[in-house]
**Student:** 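Please see the structure below; I have some questions.
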Protein chains: 2
Amino acid sequence: MMSLTLVELANRSGVSSSHLGRIERGERFPSARILQRMAKPLGFEENELFALAGYLSASSPRLAEEGPSYIGGRLDPYVAKVLSQEPVDVQRAVIGILSLLKSIARGMTKE
Amino acid sequence: MMSLTLVELANRSGVSSSHLGRIERGERFPSARILQRMAKPLGFEENELFALAGYLSASSPRLAEEGPSYIGGRLDPYVAKVLSQEPVDVQRAVIGILSLLKSIARGMTKE
DNA sequence: ATCATAATTCGCCAAATGGCAAAAGTCAAA
DNA sequence: TTTGACTTTTGCCATTTGGCGAATTATGAT
């Protein structure tokens, strides 16, 4: 692989050359976001780089084919998309509301 | 799924309950290391959680097209997980409730 | 209502990251 | 040797995270 200067890598990754220099010298440890931005310019897949950095365990398996299907359930893609456009605290509030409605429903069935 | 208290999740993950509370309320965004520690107690694979948090891109290998990283937004992993345990019509109803609340809020800000 | 316990939230601060701008270093051309 | 262009490093500071310990809230028993 052709080696890149810090400035070239900075241009391609959007990470400042001063920070890349510090990472290279071991003065800073890159966060996951920085690694994510560095991966392609360096010729890595993101999860490869994450594993190298210790952010992903070596034992972590590949994702299931169906995408985000979780233990016991699957999230509707439309719902996921709409919710993802909202701020995180709104998303959390939605869960709170759902819990509230469920407990109201449970209270109603106890009568 | 049995829901965990913050204290229980803290014990299983090694992350403090006060920090978990802040993450849950949207006051802090968890770093990759924190997500790594939270994954198994929450019933996720690490890379699932990373993808949900936006640390791994949708273009990362083995993530479905419907992956949770959407244009302009990110879906909270806890929200995604909790909702995925519900039937699809409940998930859709949640969106309806959210729309209703937003229109109520818009009506209030017009005063 | 009170009390004890558990859970959650908050104030605060240390630690770490990451970028700006300047300083220092490198190198080839003149 | 000097100069200019380019690269790398450094000083500094804003921002963010994450944990401690205290305060507050919630809950169930009495």
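Below, all heavy atoms of this structure are taken into account, side chains as well, without hydrogens, waters or symmetry copies. Sequence lines set the chain letters: A, B, ... in the order given, protein chains first and strands last, and positions in each chain run from 1.
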**Student:** Mind checking side-chain hydrogen bond (donor to acceptor under 3.5 Å, both in side chains) for B/Glu27 and listing every partner two or more places apart, or none if nothing turns up?
**Tutor:**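 Partners of B/Glu27 under the side-chain hydrogen bond (donor to acceptor under 3.5 Å, both in side chains) test: B/Arg25.
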**Student:** What is the per-nucleotide protein-contact pattern of nucleotides 9-22 of chain C, from the 5' end, where B denotes a base atom under 4.0 Å from a protein heavy atom, S denotes such proximity for sugar-phosphate atoms only, and - denotes neither?
**Tutor:** BBBB----BBBBB-
**Student:** How far apart are the C-alpha atoms of A/Thr5 and A/Leu9, what are their side-chain angles, what is the distance that settles it, and do they pass the side-chain contact (heavy atoms from CB on, under 4.5 Å) test?
**Tutor:** CA-CA 6 Å; A/Thr5 66; A/Leu9 182 56; over 6 Å; no
**Student:** For A/Asn47 and B/Leu56, work out which heavy atoms get closest and say how close.
**Tutor:**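 Looks like N-CD2, 3.7 Å.
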**Student:** Is B/Arg33 positioned over the aromatic face of B/Tyr55, cation under 6.0 angstrom from the ring centre and no more than 45 degrees off axis?
**Tutor:**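 Checked: cation-pi criterion not met.
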**Student:** Along DNA chain D, 5' to 3', what are the outermost nucleotides having an atom less than 4.0 Å from a heavy atom of chain B?
**Tutor:**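 Using the under 4.0 Å cut-off, the span is D/dT17 to D/dG21.
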**Student:** So, does A/Arg28 use its side chain to make a donor-acceptor pair with the main chain of A/Ile23 at under 3.5 Å?
**Tutor:**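 A pair under 3.5 Å: no.
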**Student:** Residues two or more places apart in sequence or in another chain: which of them pass side-chain hydrogen bond (donor to acceptor under 3.5 Å, both in side chains) with B/Ser18?
**Tutor:**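 Partners of B/Ser18 under the side-chain hydrogen bond (donor to acceptor under 3.5 Å, both in side chains) test: B/Ser16.
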**Student:** Can you list the residues that meet the side-chain hydrogen bond (donor to acceptor under 3.5 Å, both in side chains) rule with B/Ser31, with sequence neighbours excluded?
**Tutor:**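 Once residues adjacent in sequence are excluded, B/Ser31 has no partner under the side-chain hydrogen bond (donor to acceptor under 3.5 Å, both in side chains) criterion.
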